[in-house]
Amino acid sequence: MSTNTTNTSTSSHQVVENAYFNSNPPPKALPQHVAAAESFIRQHAAANRRVVLVTSGGTTVPLEKQTVRFIDNFSAGTRGATSAEYFLESGYAVIFMHRQFSLLPYSRHYSHSTDCFLDFLHENPDGSVVANPTHQDKMLRVLRKYNAAKNQNCLLMIPFVTITDYLHELRAVAQLMRPLGPNGLLYLAAAVSDFFVPEDRMSEHKIQSTDATDLLKQQQGPTTITKEPREPEEETFDNFDSSPSVPRSKRLIVDLDPVPKFLKNLVDGWAPEGMIVSFKLETDPKILVHKAKYSLERYQHHLVIGNLLSTRKWEVVFVAPGHSDKWIRVPFSRRKKTLSGVEELVGAADRGAHEKNEPLDPSMLPEGEPEMEIESLIIPAVEELHSKHIESAAAKNTSKLA
Ligand code: PAZ
């Protein structure tokens, strides 16, 4: 009975997978990315090195095939880029699948920041350009790590833009990781869109905001853009709210389908032996742990790292099967100065909550970013679980052979 249920649900996951991937075309660069990932994985599998796929940044949802407009999300790729650096430091080879132009490992220290990168440079009297003396020590440390990763071919960059690009790339790379067995780790930190416009309902051209081209279209015959027939009363102004009213015909109503959840396909089919870590982002502290547990139960993977939008740089919660929830927090001593500048007062108000099994109060956190990167705590904890995952796979293999 239970086997039947599993088979039925597995095949329905497969049906959804086929339908999605057959009707939403892959990015043009997929074959190049696959070739690069294949040789990267081969090299590191031969060296028996652990390989982690880090996904990072947000996916877009295009509204037109020739995309002028798209839906996006807040993610800058800080979690992914920072985590990738700590994985490299721990000896992993890293496939960094990231949103194009989001933060990258190492260069993130000098891009997208409030300081312009030119502020890190200094002109010598002879006209040569060097690092600004005040930044030299850090820049040298970052540069050395970056060069080491490059020279050892331990960091492979794979960009994506849209939700469909991301899913095609994820499936392809996860499948390539199979030969790594339990040495493969999937660390899914990207902020992936939950809703999208399927290819067959997407307008080819820019969606028009006026009726200037309506006449032209009537002359040209039917197009993929369909407009509601305009009834006389639609031209009148709506008054259902008190804001300045807009004629109905000028509104753009975006009708989105849910993006299928492919985590089950990943766990059961794409990368069945690797350790899979997903992230869960929420804004409501009351539901975070519940949602993380729900995801773990539903997809049966190995770890959900929960985080809240407002405190994600200060704390995360690990939810794993057979373990009690574990909050990982930047310690008081490594938080920044308060606005008043009194170091000892940092976090004083939530000192009690710090040890509790519940989220911190964001209003008690200092302005800005913590002095310490929380990923420096997350990655060793993930690595420890990954070691256990590898050990338990080895033990299972031994018992199978006996
Ligand atoms: O990119 P970033 O550092 O600004 O944000 C990271 C994050 C919050 C997107 C990530 O930690 C995360 O939770 N990703 C999964 C989001 C989700 O699909 O629930």
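We count ligands from 1, going down the list as the structure has it; atoms in each ligand are counted the same way. Note: hydrogens, waters and symmetry copies are ignored here, and every other heavy atom, side chains too, is used. Here the structure is a predicted model, which means the values were calculated and not measured. Numbering starts at 1 and runs along the sequence shown.
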#### Entry: Results of salt bridge (charged side-chain N to carboxylate O under 4.0 Å, His left out) for K396 - residues two or more places apart only
none
### Query
Could an N or O of ligand 1 be found under 3.5 Å from any N or O of F74, whether backbone or side chain?
no
### Query
To the nearest 0.1 Å, how far is atom 3 (O) of ligand 1 from its closest protein heavy atom, and which atom is that?
R79 N, 2.8 Å
### Query
Using the ring of each side chain (for Trp, its six-membered ring), is Y20 parallel, tilted or perpendicular to F196, with breaks at 30° and 60°?
tilted
## Note on the structure
re atom 19 (O) of ligand 1, the protein heavy-atom contact at minimum distance is L281 N, 2.8 Å
### Task
Look at the aromatic rings of F21 and F262 and report parallel, tilted or perpendicular, splitting at 30° and 60°.
tilted
#### Entry: G77 N/O under 3.5 Å from ligand 1 N/O
yes
### Task
Over all heavy atoms of both residues, which pair between E373 and R108 is shortest? Give the atoms and the distance, please.
OE2-NH1, 2.8 Å
### Message
Below 4.0 Å from ligand 1: does a non-hydrogen atom of A190 turn up there or not?
### Response
yes
## Note on the structure
Ranked by distance from atom 11 (O) of ligand 1, the top protein heavy atom is N307 OD1, 2.7 Å
### Task
Under 4.0 Å from a heavy atom of K280: give me the atoms of ligand 1 that qualify, with their elements.
19 (O)
## Note on the structure
Of all protein heavy atoms, the one nearest atom 12 (C) of ligand 1 is F279 CB, 3.5 Å
### Query
If hydrogens are left out, which of S56, S75, A191 has an atom nearest to atom 2 (P) of ligand 1, that is, the closest non-hydrogen atom?
S75
#### Entry: Contact list for residues 135-144, test side-chain hydrogen bond (donor to acceptor under 3.5 Å, both in side chains), sequence neighbours left out
H109-K138
### Message
Taking distance alone, with N or O pairs closer than 3.5 Å, would you say R312 contacts ligand 1?
### Response
yes
### Query
Does an N or O anywhere in A189 fall below 3.5 Å from an N or O of ligand 1?
yes
### Query
So which of L53, V52, L185 actually passes side-chain contact (heavy atoms from CB on, under 4.5 Å) with M177?
L53
